[in-house]
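Working notes, structure below.
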Amino acid sequence: MYDPTIFDNLKVAFENQVYDLDNLENEITITNRIDRMDFAVMGREFTIEFTLVDLPDVTAEIVLEASLENTAAEIMELPGKNPGCSLLLRFYKRVHNVTKQCKEIDQALKEIWEADQKLTQTLSFMYEQDTSSYLDTIEVSFHHLINEDHMDEIEEFLEHVLESLEVLNEI
């Protein structure tokens with residue numbers, strides 16, 4: 001009988017709660033979903049993107065990844081290994097005043113997320129196009145792997161994501 005991996009269980013848990021926010025709670029609109037197996041590195045990736053209802057200017061993207069090493073450690077029950085998945089959160093927002101808005105974004109997100117989360121902002125623009133605005137890709141990196149023990153934290157995690165979307169839409 002098939003025994004789902006940590007990745008499979010977490011993917012379903014994230015999917016269920018995010019789709020509930022879309023279909024039942026009507027708080028968000030899901031804009032994209034990716035479930036990918038990378039055969040070059042034998043890794044798995046699940047990505048789900050969404051915006052707040054009626055506020056499509058800022059997008060949130062949750063990225064769940066499982067490497068071959070972690071999946072193998074889990075399946076083979078390797079002693080001394082603590083398998084899990086990596087979690088990354090991205091936000092996409094257009095900014096016009098880089099100095100002011102990026103600083104405000106940094107301060108606002110540091111108030112929402114724990115101090116040990118790494119926060120980075122990467123700005124980009126299309127060459128030969130109007131550069132009055134930049135796309136700010138904001139990443140919140142989580143340093144530890146997650147597993148089924150963290151499932152009861154998904155709801156609180158999503159509450160922080162929604163709060164972040166609200167704050168980012170105001171900046």
[Y] and [X], any side-chain heavy atoms less than 4.5 Å apart:
X: Pro83; Y: Asn147; value: no
X: Leu165; Y: Leu55; value: no
X: His144; Y: His150; value: yes
X: Leu158; Y: Ile154; value: yes
X: Lys93; Y: Ile171; value: yes
X: Trp113; Y: Leu89; value: yes
X: Asp136; Y: Cys102; value: yes
X: Ile138; Y: Asp106; value: no

For Thr71 and Phe7, run side chain to side chain contact (heavy atoms under 4.5 Å, CB included): C-alpha distance rounded to whole Å, both residues' side-chain angles, the deciding distance at 0.1 Å, then the answer.
CA-CA 8 Å; Thr71 304; Phe7 177 86; 5.7 Å; no
Quick check for you: to the nearest 0.5 Å, what is the distance between [X] atom [atom1] and [Y] atom [atom2]?
X: Gln117; Y: Ser141; atom1: CD; atom2: OG; result: 8.5 Å
X: Gln17; Y: Asp22; atom1: CD; atom2: CG; result: 14.0 Å
X: Asn32; Y: Thr51; atom1: CG; atom2: OG1; result: 12.0 Å
X: Lys11; Y: Leu64; atom1: NZ; atom2: CG; result: 9.5 Å
X: Cys85; Y: Phe46; atom1: SG; atom2: CZ; result: 11.5 Å
X: Leu68; Y: Asp38; atom1: CG; atom2: CG; result: 11.0 Å

Please say whether more than 12 non-hydrogen atoms of neighbouring residues, nucleotides or ligands are located less than 6.0 Å from [atom1] in [X].
X: Glu148; atom1: CD; value: yes
X: Glu27; atom1: CD; value: yes
X: Met37; atom1: CE; value: yes
X: Glu153; atom1: CD; value: yes

Show the numbers, then the answer: is there a side chain to side chain contact (heavy atoms under 4.5 Å, CB included) between Glu155 and Glu159?
CA-CA 6 Å; Glu155 184 176 348; Glu159 288 171 8; 3.8 Å; yes
Before giving the answer on salt bridge (charged side-chain N to carboxylate O under 4.0 Å, His left out), spell out for Glu15 and Arg33 the whole-Å C-alpha distance, their side-chain angles and the decisive distance to 0.1 Å.
CA-CA 9 Å; Glu15 259 181 326; Arg33 178 190 176 284; 2.4 Å; yes
The single option from Ile34, Thr31, Thr47 passing side chain to side chain contact (heavy atoms under 4.5 Å, CB included) against Glu61
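Filter result, single survivor: Thr47.
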When you group the ILVMFWY residues by side-chain heavy-atom contacts below 4.5 Å and let the links chain together, are [Y] and [X] in the same group?
X: Leu135; Y: Leu123; value: no
X: Val167; Y: Phe157; value: yes
X: Leu88; Y: Leu10; value: no
X: Val98; Y: Leu119; value: yes
X: Val140; Y: Tyr92; value: no

Apply the test side chain to side chain contact (heavy atoms under 4.5 Å, CB included) to residues Thr29 and Phe50: give CA-CA distance (whole Å), side-chain angles for both, the deciding distance (0.1 Å), then the verdict.
CA-CA 5 Å; Thr29 301; Phe50 52 91; over 6 Å; no
Where do [X] and [Y] come nearest, in terms of heavy atoms and distance?
X: Met151; Y: Ala13; answer: SD-CB, 3.7 Å
X: Arg90; Y: Thr137; answer: CD-CG2, 4.1 Å
X: Glu45; Y: Val63; answer: OE2-CG1, 3.9 Å
X: Asn82; Y: Asn70; answer: O-OD1, 4.4 Å
X: Val161; Y: Ala60; answer: CG1-CB, 3.9 Å
X: Leu87; Y: Phe142; answer: O-CD1, 3.3 Å

With a 3.5 Å distance limit and no angle check, can you tell me whether Gln101 reaches the backbone of His96 through a side-chain donor-acceptor pair?
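Yes, the answer is positive, given that a donor and an acceptor are paired below the 3.5 Å cut-off.
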Between Asn169 and Glu166, is there a donor-acceptor pair closer than 3.5 Å when you use the side chain of the first and the backbone of the second?
no
Step-by-step side chain to side chain contact (heavy atoms under 4.5 Å, CB included) determination, His143 to Lys118
CA-CA 8 Å; His143 302 290; Lys118 182 180 177 189; 3.7 Å; yes
